[in-house]
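Scroll down for the structure; my scribbles are underneath it.
Predicted model, so just to flag it, every value in this text is computed and none were measured.
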Protein chains: 2
Amino acid sequence: MENSLKGLLKIGEIAKITGTAVSALRYYEEIGLLKPTCKSGAKYRYYKKEDISFIAFIKKAQNIGFSLDEIKLILSERNSGKSPCPKVRDLAQRKITELREKVKDLKLMERDLKKYILNCCPEEDSKPDEGNVCKMIDKVKISTKLSQS
Amino acid sequence: MENSLKGLLKIGEIAKITGTAVSALRYYEEIGLLKPTCKSGAKYRYYKKEDISFIAFIKKAQNIGFSLDEIKLILSERNSGKSPCPKVRDLAQRKITELREKVKDLKLMERDLKKYILNCCPEEDSKPDEGNVCKMIDKVKISTKLSQS
DNA sequence: GTTGACTCTCAAGTTAGGTTGAGGGTGTAC
DNA sequence: GTACACCCTCAACCTAACTTGAGAGTCAAC
């Protein structure tokens, strides 16, 4: 065991901590998203502690809708000596706009779904053959139509 | 031309109106999401006018994060004689929760991205080798860490 | 000094949501 | 009656983001 491996984490360890699959971490390396420090004589991967929060960042960003390629872009711009600003700024601005529109649609649909829950199934489920099968879909359709700006 | 085809739309027509690819509409039929009325002696697909708003609904729902399978579930429950309520209600409730969390994360990241734009590139792009390469990533990391509830 | 958990590479498979292409019918306008 | 745009099926392909499996090396413990 070399000194340089002090404080580093093996792939299985960081996988467990971050709740990520080992195979996913290897995949991130393959696509150039997350390189391990990897000093072992054998080809074992070793990761820094800071990689834990970077992996958390990847997950959040992914959840919000960034692709791994976009995340990679941000990172690679940071790591190159060049100014990362123009590209990242652009990416950020476009993502904000996109997310805003999604939230708008989402709120609309949330309202419709809530209305559906209240109207259609207040206490017990509505019975079939009562002329009340479910009004939700049409309501949603109406809002959907109106919201097509 | 049969009488029964009056007012119906051919696949290319409804595709154009809704901004959907013909191949996508055929795919929707294949997975049982959207059946055409399809009365032609040849196997031409014919769609009702109401399908236009249904296709719009599909697109909105998809954009928000429903899978085609989920959309199909909602629809098939509606079309069966059975009460659609329990399943759809459950689906709706879970989606609302999920969307709420996404909006929270999204707002956090939006804040970070905005800060980045203001701090890092107020007028002109920051130059490299000025000790100011880009502070955004670390800031995002911090919020990301904090927001891990 | 060997067992057993862990790691490696490399190739192939998976899922969703489609697209593309070959090979061939349809329908209507001139 | 023939162009020509449109439609059909079926199979194969595509992308992202991984997962799975085979076959083999590694390491800490007992």
- [ ] Return the nearest nucleotide to the side chain of Arg45(B); candidates are dT9(D), dT7(C), dT19(D).
- [x] dT9(D)

Open item on the list: I need the Lys60(A) NZ to Ile55(A) CD1 distance, nearest 0.5 Å.
Closed with: 15.0 Å

Open item on the list: Using heavy-atom distances to pick each residue's nearest nucleotide on DNA chain D, tell me which of Ser67(A) and Glu29(B) is more 5'.
Closed with: Glu29(B)

Open item on the list: In whole Å, I'd like the distance from the CD atom of Glu70(B) to the P atom of dA16(C).
Closed with: 11 Å

Task: Whether Glu29(B) side chain and Arg26(B) backbone form a donor-acceptor pair below 3.5 Å - done: no

Task: Tyr47(A) side, atom OH; Leu25(A) side, atom CG - distance, nearest 0.5 Å - done: 5.0 Å

Task: Nearest listed nucleotide, side chain of Lys43(A), among dC8(C), dT19(D), dC8(D) - done: dC8(C)

TODO: Tell me what Ile31(A) touches on the nucleic acid: a base, only sugar-phosphate, or nothing, going by heavy atoms under 4.0 Å.
DONE: nothing

Task: Spacing between Lys72(B) atom NZ and dA16(C) atom C1', to the nearest angstrom - done: 12 Å

Open item on the list: Given the structure, check if the side chain of Tyr44(B) and the base of dC8(D) hold any donor-acceptor pair shorter than 3.5 Å.
Closed with: no

- [ ] Grab the CG-P distance between Asp69(B) and dG18(C) for me, whole Å please.
- [x] 12 Å

- [ ] Output the single nucleotide from dT19(D), dG17(C), dT7(C) whose closest atom is nearest the side chain of Arg26(A).
- [x] dT7(C)

- [ ] Let me know the distance between CG of Leu8(A) and C1' of dT7(C), rounded to the nearest Å.
- [x] 16 Å

Task: Nearest-Å distance for atom pair OH/C1', residues Tyr27(A) and dT19(D) - done: 12 Å

Task: Given dG18(C), dC18(D), dT26(C), the nucleotide with the shortest approach to the side chain of Leu68(A) - done: dC18(D)

- [ ] Write down the distance between CD (Glu30(B)) and P (dG18(C)), rounded to a whole number of angstrom.
- [x] 12 Å

- [ ] Assign each of Lys10(B) and Ala24(B) to its nearest nucleotide of DNA chain C by heavy atoms, then name whichever residue's nucleotide is nearer the 5' end.
- [x] Ala24(B)

- [ ] Measure the distance from CG on Leu9(B) to C1' on dC6(D) and round it to the nearest whole Å.
- [x] 15 Å

Task: Length of the line joining Lys59(A):NZ and dA17(D):C1', which is rounded to integer Å - done: 13 Å

TODO: Return no unless some side-chain N or O of Gln62(B) is found under 4.0 Å from OP1 or OP2 of dA16(C).
DONE: no

Open item on the list: Is there a side-chain contact between Tyr28(B) and the phosphate of dG17(C), meaning an N or O under 4.0 Å from OP1 or OP2?
Closed with: no

Open item on the list: What I'd like to find out is whether the side chain of Ile14(A) reaches to under 4.5 Å of the side chain of Lys49(A), using heavy atoms alone.
Closed with: no

Open item on the list: Can a donor-acceptor pair be found, under 3.5 Å and without considering hydrogens, that links the side chain of Glu70(A) to the backbone of Ser67(A)?
Closed with: yes

